[in-house]
K.L.:
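Just dropping this structure here.
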Amino acid sequence: MSTGSIVIAIGGNAILNPAMGNPDEQRRMIDKTCLEIAQIIQRGYDVVLTHGNGPQIGNILAMQEECGSVQAQPLDVCGAQTQGMLGYLLKQSLDNRLRESGINRQVAAVLTQVVVDESDPSFDTPTKPIGLYYSKYRAQKMMEQGIKMIQDKKGYRRVVPSPVPEKIIEEDIIKDLIREGIIVIAAGGGGIPVIQKNGLLAGIEAVIDKDLTGSLMASVIGAEAFLILTDVEKVALNYGKDNQIDLDEITTSEAQRYVEEGHFGKGSMEPKVLSAIRFIRSGGKIAIISNLDKAVPAIECRAGTRIIP
Ligand code: ADP
Ligand code: MG
């Protein structure tokens with residue numbers, strides 16, 4: 001792979017165990033990740049880093065629900081909070097790792113708004129589960145307040161719309177920063193969801209899939225590669241079964257066929273594979289899905305699953 005710009009998407013689950021929410025653990029995971037990213041920067045890549053926020057936004061919602069005396073903030077504002085929190089932690093850690101490695105590059109975290117379509121079907125039927133699990137009693141109370149909930153094996157969870165990302169508002173700023181040689185952290189948590197009416201922006205309650213926004217980012221900046229880092233090393237067929245097959249390299253049409261055959265988890269691996277396909281179909285050369293601690297071998301084609309034209 002030749003150097004150039006690369007969009008790296010890291011999973012929210014990979015940086016914070018939602019069951020514990022331990023801030024020290026979160027810092028440790030971020031330091032580990034930023035060490036890998038610093039090594040990629042050292043190889044000459046212009047990195048745009050994006051991150052998930054599932055567990056982090058879940059914790060903010062849980063704190064709001066516990067605190068009856070303070071009014072809850074809407075989801076777009078909670079999303080912005082996670083961009084600030086993770087943007088800060090990632091920037092500080094990356095600054096430190098770059099300094100330790102003697103690399104003279106600056107890092108900027110950009111609050112990023114992403115436009116969605118108000119008539120996206122997901123606003124009528126919210127499907128993305130977020131936050132904690134609740135008892136039937138608690139869920140009923142929440143549903144009475146107009147909060148949409150679904151039930152699965154582990155209990156009740158809040159569900160929110162997850163519309164398709166259409167446009168990154170800060171796109172030009174991000175491109176300018178890249179041209180200046182600045183490492184950019186942007187579009188965290190899939191971006192702050194906004195709608196655009198008569199040229200004016202307004203926040204809307206939704207959570208955009210971070211892998212889809214990462215794919216859009218990679219396309220609009222004309223990235224050389226799109227790297228999705230998560231907590232498994234490879235994309236697999238028959239995942240978790242006796243006949244599991246780990247994939248090294250697949251074409252977009254093979255990937256599409258495996259999606260249709262239902263090989264990938266709906267809210268987990270499937271959006272990653274679809275995001276990789278989108279990037280390649282809009283002109284990208286290579287997308288790679290790999291483990292958080294295998295970022296360097298992944299870009300050297302020694303780890304992960306590569307999706308190619
Ligand atoms: P992230 O926070 O990085 O977005 P997710 O939990 O959303 O992480 O997605 C990664 C998870 O996808 C893995 O931990 C794995 O359990 C799951 N997964 C579902 N289907 C597959 C598959 N076919 N191959 C590999 N992993 C899969
Ligand atoms: Mg995910």
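Each ligand, and each atom within it, is numbered from 1 in the order the structure gives. Owing to the predicted nature of the structure, the values given are computational and were not obtained by experimental measurement. Hydrogens, waters and symmetry mates play no part in the numbers below; they use all other heavy atoms, side chains included.
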K.L.:
Of the backbone atoms (N, CA, C, O) and the side-chain heavy atoms from C-beta on, which set of K234 has a member under 4.0 Å from an atom of ligand 1: side chain, backbone, both, or neither?
P.N.:
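Answer for K234: backbone.
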
K.L.:
List ligand 1 atoms under 4.0 Å from A236, heavy atoms only on the residue side.
P.N.:
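Checking each atom against A236, I get 22 (C), 23 (N), 24 (N), 25 (C).
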
K.L.:
Would you mind running through ligand 1 and noting each atom that sits below 4.0 Å from a heavy atom of S268?
P.N.:
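In order of numbering, the contacting atoms are 5 (P), 7 (O), 9 (O), 11 (C), 12 (O), 17 (C), 18 (N), 19 (C).
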
K.L.:
For the pair D31 and R28, find out whether any cationic side-chain nitrogen is under 4.0 Å from an anionic carboxylate oxygen.
P.N.:
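Here D31 does not pair with R28 in a salt bridge, since their nearest N and O are not under 4.0 Å apart.
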
K.L.:
Go through the steps for Q256 and E260 under the test side chain to side chain donor-acceptor pair (under 3.5 Å), then give the verdict.
P.N.:
CA-CA 6 Å; Q256 188 67 49; E260 278 151 26; 3.2 Å; yes

K.L.:
Pick one of side chain, backbone, both or neither for how K210 approaches ligand 1, counting any non-hydrogen atom pair under 4.0 Å.
P.N.:
side chain

K.L.:
Would you check whether F264 has a nitrogen or oxygen atom less than 3.5 angstrom from a nitrogen or oxygen atom of ligand 1?
P.N.:
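No - when backbone and side-chain N and O of F264 are compared with those of ligand 1, no distance drops under 3.5 Å.
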
K.L.:
Under a single-linkage rule joining Ile, Leu, Val, Met, Phe, Trp and Tyr whose side-chain heavy atoms are separated by less than 4.5 Å, which residues share a cluster with Y133?
P.N.:
none

K.L.:
Taking only heavy atoms of D231 into account, list the atoms of ligand 1 that are under 4.0 Å away from them.
P.N.:
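Every atom of ligand 1 under 4.0 Å from some heavy atom of D231: 10 (C), 11 (C), 13 (C), 14 (O).
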
K.L.:
With atoms numbered from 1 as shown, which atoms in ligand 1 lie under 4.0 angstrom from a non-hydrogen atom of G265?
P.N.:
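Listed by number with element: 19 (C), 20 (N).
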
K.L.:
Please could you name the atoms of ligand 1 that G11 approaches to less than 4.0 Å, counting only its heavy atoms?
P.N.:
1 (P), 2 (O), 3 (O)

K.L.:
Quick test of your reading of the model: are D248 and K234 salt-bridged, counting only N-O distances below 4.0 Å?
P.N.:
yes

K.L.:
Is a salt bridge present between K294 and E36, judged by a nitrogen-to-oxygen distance below 4.0 Å?
P.N.:
no

K.L.:
Which of the atoms in ligand 1, numbered in the order shown and given with their element, are less than 4.0 Å from a heavy-atom of T230?
P.N.:
1 (P), 3 (O), 8 (O), 9 (O), 10 (C)

K.L.:
Is any N or O atom of L237, backbone or side chain, closer than 3.5 Å to an N or O atom of ligand 1?
P.N.:
no

K.L.:
Could you tell me which non-hydrogen atom of V116 sits nearest to which non-hydrogen atom of V164, and how far apart they are?
P.N.:
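Closest approach of V116 to V164, heavy atoms only: CG1-O, 3.7 Å.
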
K.L.:
Quick check on salt bridge (charged side-chain N to carboxylate O under 4.0 Å, His left out): which of D231, D211, D209 does K272 satisfy it with?
P.N.:
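That would be D211; it is the only one of D231, D211, D209 passing the salt bridge (charged side-chain N to carboxylate O under 4.0 Å, His left out) with K272.
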
K.L.:
Is the closest basic N to carboxylate O distance between E100 and R97 below 4.0 Å?
P.N.:
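Here E100 pairs with R97 in a salt bridge, since their nearest N and O are under 4.0 Å apart.
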
K.L.:
Tell me whether D211 has any N or O atom under 3.5 angstrom from an N or O of ligand 1.
P.N.:
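Min N/O separation from ligand 1 is not below 3.5 Å for D211.
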
